[in-house]
Amino acid sequence: MTPPEHGLIGRVAGAVTGRVAGAVPVEEILDQIDVNALLDRVDVDHLLERVDVNRLLDRVDVDRLLARADVETLVQRAGIPDIVADTTGDLAGRTLDVARRQVVGLDAVVGGIVDRLLRRTGPAPAGPPALVGES
């Protein structure tokens, strides 16, 4: 089906529009446009569907973007110092627990060796008399 014929006014307007648009500076035309009304008519979802995000990201200069980033603020907001402090504290505590266990085990071995060298027999005392309540 072919579009209907325009009347005389339509044909004249079509012929003149290109010449007028070429003769009038673009700035004057844009000054007459209500940009907010134009943006209200834009279907943003449809526009975003047409955007190739990967192609857009390929154009991003990551080094330049990171140079503008305040890394210290990002680190603080992410809570990284707190995480490091908690992890370091837990690790230090566990390391001390392991070291204490090894020292206790070593003490028992050394005590056994000393008891053999001194030819001690019988059970070892529970501790110093003042601490275990013996008089």
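Note that the structure is a prediction, hence the values are computed from the model and not measured.
The list of salt bridge (charged side-chain N to carboxylate O under 4.0 Å, His left out) pairs with a residue in residues 62-85, not counting sequence neighbours, is empty. Under the side chain to side chain donor-acceptor pair (under 3.5 Å) criterion, the residue pairs touching residues 91-115 are D97-R100, D115-R120, with sequence neighbours excluded. Among residue pairs with one or both ends in residues 36-51, none qualify as side chain to side chain donor-acceptor pair (under 3.5 Å); sequence neighbours excluded.
Taken to the nearest 0.5 Å, the CG atom of D86 stands 12.5 Å off from the CG atom of L91.
As a member of the Ile/Leu/Val/Met/Phe/Trp/Tyr network built from side-chain separations under 4.5 Å, I80 groups with V71, V75, V84. Listed by chain and number, the hydrophobic cluster partners of I113 are V109, L117, where partners are ILVMFWY side chains within reach of under 4.5 Å, directly or through others.
Residues passing the side chain to side chain contact (heavy atoms under 4.5 Å, CB included) test with I83, sequence neighbours excluded: T87.
Hydrophobic clustering keeps V62 apart from L56 (ILVMFWY residues linked when any side-chain heavy atoms are closer than 4.5 Å, directly or through intermediates). Under the 4.5 Å side-chain heavy-atom criterion for Ile, Leu, Val, Met, Phe, Trp and Tyr, L65 and V53 are members of the same hydrophobic cluster. The hydrophobic cluster containing V44 does not contain V35, counting ILVMFWY residues as joined when their side-chain heavy atoms lie under 4.5 angstrom apart, directly or transitively.
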